[in-house]
2 protein chains.
Amino acid sequence: MSQTVDRALRILPLLAEGPANLEQVATRLDVHKSTALRLLRTLHEHGMVYRQDDQRYRLGARLFALAQEAMENLDVRGIAHPHLVALNELTGHTVHLAVYEEGEVVYIDKVESRYPVRMYSRIGRPVAITVAAVAKLLLADLPEAERRAVARTLEYPRYTARSTTDPAAHLAELARVREQGWASDLGGHEESINCVAAPIRGADGRVAAACSISAPNVVVSAEELLRLRPRVQHTAEAISREYSGRPSEGTR
Amino acid sequence: MSQTVDRALRILPLLAEGPANLEQVATRLDVHKSTALRLLRTLHEHGMVYRQDDQRYRLGARLFALAQEAMENLDVRGIAHPHLVALNELTGHTVHLAVYEEGEVVYIDKVESRYPVRMYSRIGRPVAITVAAVAKLLLADLPEAERRAVARTLEYPRYTARSTTDPAAHLAELARVREQGWASDLGGHEESINCVAAPIRGADGRVAAACSISAPNVVVSAEELLRLRPRVQHTAEAISREYSGRPSEGTR
DNA sequence: ACGGGCGTTGCACATATTGCAACGACTCCG
DNA sequence: CGGAGTCGTTGCAATATGTGCAACGCCCGT
């Protein structure tokens, strides 16, 4: 809608691929060098891009800070976090929290016990939307129309032999998940990894987020993991209660 | 430099504080509603903002994805990570990796062993630049002029009784740090936390990043932590070697 | 049914953005 | 040492682009 802003924003993903100099940016934007320069300057003033020693541009630190701040201000996340930690301490497995947003599902929190290594690496990243247990729950609760629309738009990569690979199967799975009120992913994303997820609902009853525990086969079998489902659901319910604004849960 | 882009970018930190509706955005930008609308629409198209159910705007998922991608493309980080993990396994303490960027020092990686809780919370965030051990190393290596300029610009919050609180003392400390080739922060940021840091140098000999280990007094005393300094330096040197492009280190 | 609040649209105006061309810094190579 | 080439930067004139206005429409509460 706004040409100038549009052009400026197109620079960011371009730089995300790697550093680029003025001319490369101008070429890829298909604008004059002077135009690209002014856009980059403006982005620079806001700390969105950074100019390294060789004069090439990179994405800037402000971008990280913004993403951080935004994540911390997600109200579900703040409420959920302690519960996720508790679930992690209880089960010892990796715990995820995810939300749906405009055709994507993103992890907004993660607690990992055994290997803190690269823990951040997936927070903020879109998840494998066709197979992840949390994604199933979030998609399953969308209004009929949107759900179908999304299912049609998606690509269905065959991560493993157990991946869902077409819209029809996907929609069927979503229906099943909505029925049973929880979801699992048994080796659909990575052969040796299983997950169990439960929905977190807001005051209106809609699914606002989903949490899951994940573990590789080498640690626990799928059956053992599924046996932990009540714990996951219990956690999700506790978060739901608090999130939907019932500070203390009465005796009913 | 570019008014339109400038206005659009001013929206982002504003939304980082929390969701806002059209009128609030327009008011805080001091522009007409219609203008704000068009800016928000453009941001929306790029996924930088998200419109929640109540029509208010939030920062969008693309922002997270961009920040992620940018971090992963930082070449120092990729190289350093395994070394940081090794250092963590060796010492058991929290390990940080930080870089300097335009007047700020930001953590770009972190490995924490004992409490994976909230691990992400500081990655991407500006660090306490006047006191953190890694910040001292990064600032100490700046060209004289820039170092003085930065020192003059900084604020010097008195985090604790041991914080550096004026530019002169800070510059003196930086000189000392540059001399000795490593840095520490003993309770300067938080009373009970100590850090030891070592510089990571690029092919040109300039300090490209810095890594540190941190631990609270209750776990190890400052003296014990300082005794681990050789390990930190060893790690930093290993990263430096690899980063400056010497794949295998010969026998010299 | 009515009023107020808020988002949205179309339009005329002029301001801010654009591309150009010329300049300057720097590097490479003969 | 000098000249050609590359790439970033600047000032400027033309106009495309963004702006504010006013009117409209939608939703919600009373």
Side-chain angles (χ1 to χ4, degrees), chain A residues 1-15 17-60 101-102 143 145-146 202-206 245, chain B residues 1-15 17-60 101-102 143 145-146 202-206 245:
Chain A
M1 281 259 126
S2 165
Q3 188 185 68
T4 319
V5 177
D6 181 69
R7 287 174 169 174
L9 293 179
R10 284 218 304 272
I11 293 179
L12 299 178
L14 190 156
L15 291 184
E17 296 169 20
N21 65 20
L22 177 62
E23 200 161 49
Q24 294 171 316
V25 171
T27 306
R28 291 200 46 184
L29 282 190
D30 201 32
V31 297
H32 197 92
K33 282 187 302 179
S34 56
T35 303
L37 179 65
R38 243 162 334 100
L39 295 175
L40 281 165
R41 283 229 181 100
T42 311
L43 289 170
H44 183 106
E45 276 175 17
H46 286 263
M48 303 292 285
V49 306
Y50 166 63
R51 194 152 203 196
Q52 35 185 39
D53 301 329
D54 58 356
Q55 289 207 121
R56 292 191 305 168
Y57 292 90
R58 277 207 311 97
L59 291 184
E101 183 170 307
E102 319 228 320
E146 191 175 355
D204 54 0
R206 295 275 315 278
Chain B
M1 279 261 127
S2 166
Q3 189 186 69
T4 320
V5 177
D6 181 68
R7 285 173 169 175
L9 292 180
R10 284 218 306 272
I11 293 179
L12 299 178
L14 190 156
L15 291 183
E17 296 170 18
N21 65 21
L22 177 62
E23 202 162 47
Q24 295 171 317
V25 171
T27 306
R28 292 200 47 184
L29 281 189
D30 201 31
V31 297
H32 198 94
K33 283 187 300 181
S34 57
T35 303
L37 179 66
R38 243 161 332 100
L39 296 176
L40 282 165
R41 282 228 182 101
T42 312
L43 289 170
H44 182 104
E45 276 175 17
H46 285 264
M48 302 293 284
V49 306
Y50 166 62
R51 195 151 201 196
Q52 35 185 39
D53 302 329
D54 59 356
Q55 288 207 123
R56 292 191 304 168
Y57 293 91
R58 278 206 312 96
L59 292 185
E101 184 169 306
E102 319 228 322
E146 191 174 356
D204 54 0
R206 296 277 315 274

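Chain naming here is simple, since letters A, B, ... match the order of the sequence lines and numbering starts at 1 in each. Quantities reported herein were computed from a predicted structural model and do not represent experimental measurements.
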Report each atom pair, protein N/O against N/O of nucleotides 3-7 of chain C, whose distance is under 3.5 angstrom.
{"from": "C:dC6", "atom 1": "OP2", "to": "B:E23", "atom 2": "OE1", "distance (Å)": "3.2"}
{"from": "C:dG7", "atom 1": "OP1", "to": "B:L22", "atom 2": "N", "distance (Å)": "3.2"}
{"from": "C:dG7", "atom 1": "OP2", "to": "B:E23", "atom 2": "N", "distance (Å)": "3.3"}
{"from": "C:dG7", "atom 1": "N7", "to": "B:K33", "atom 2": "NZ", "distance (Å)": "3.2"}

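- One can place CG of B:L40 at 13 Å from C1' of C:dT8, the figure rounded to the nearest angstrom.
- Heavy atoms of B:R56 sit nowhere under 4.0 angstrom from any nucleic acid atom.
- Here the straight-line distance linking atom CG of B:L14 with atom CG of B:L9 works out to 12.5 Å at 0.5 Å rounding.
- Using a 4.5 Å heavy-atom threshold, the side chains of A:M48 and B:L12 count as touching.
- With sequence neighbours left out, A:E23 forms a side chain to side chain donor-acceptor pair (under 3.5 Å) with no residue at all.
- For the salt bridge (charged side-chain N to carboxylate O under 4.0 Å, His left out) test, no residue two or more places apart in sequence or in another chain qualifies with A:R7.
- By the side-chain contact (heavy atoms from CB on, under 4.5 Å) test, B:R56 pairs with B:P19, B:N21, B:Q52, B:D54, sequence neighbours left out.
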Please list, pair by pair, any protein nitrogen or oxygen found under 3.5 Å from a nitrogen or oxygen in nucleotides 15-17 of chain C.
{"from": "C:dT17", "atom 1": "OP1", "to": "B:S2", "atom 2": "OG", "distance (Å)": "3.2"}
{"from": "C:dT17", "atom 1": "OP1", "to": "B:Q3", "atom 2": "N", "distance (Å)": "2.8"}
{"from": "C:dT17", "atom 1": "OP1", "to": "B:T4", "atom 2": "N", "distance (Å)": "2.8"}
{"from": "C:dT17", "atom 1": "OP1", "to": "B:T4", "atom 2": "OG1", "distance (Å)": "2.9"}
{"from": "C:dT17", "atom 1": "OP2", "to": "B:Q3", "atom 2": "N", "distance (Å)": "3.2"}

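- Residue A:T4 holds its OG1 atom at 12.0 Å from CG of B:D6, rounded to the nearest 0.5 Å.
- Atom P of nucleotide C:dT8 and atom NE2 of B:H44 are separated by 11 Å, given to the nearest angstrom.
- The list of salt bridge (Lys or Arg N to Asp or Glu O under 4.0 Å) pairs with a residue in residues 31-49 of chain A, not counting sequence neighbours, is empty.
- Between A:V31 and A:V25, the closest side-chain pair of non-hydrogen atoms is not below 4.5 Å.
- Between the side chain of B:S2 and the backbone N or O of A:T42 there is no donor-acceptor pair closer than 3.5 Å.
- By the side chain to side chain donor-acceptor pair (under 3.5 Å) test, B:Q3 pairs with no residue at all, sequence neighbours left out.
- Taking B:E146 as the reference, nothing meets the salt bridge (charged side-chain N to carboxylate O under 4.0 Å, His left out) condition, with sequence neighbours excluded.
- Rounded to 10 degrees, the angle separating the terminal axes of the helix from C:dA1-D:dT30 to C:dG30-D:dC1 is 40°, with each axis obtained from five end pairs.
- For DNA chain D, the outermost nucleotides in 5' to 3' order that have an atom under 4.0 Å from a heavy atom of chain B are D:dG18 to D:dC21.
- Not counting sequence neighbours, B:R51 has no partner by the salt bridge (charged side-chain N to carboxylate O under 4.0 Å, His left out) test.
- Looking at heavy atoms from C-beta onward, A:L39 lies in side-chain contact with A:L29 at the 4.5 angstrom threshold.
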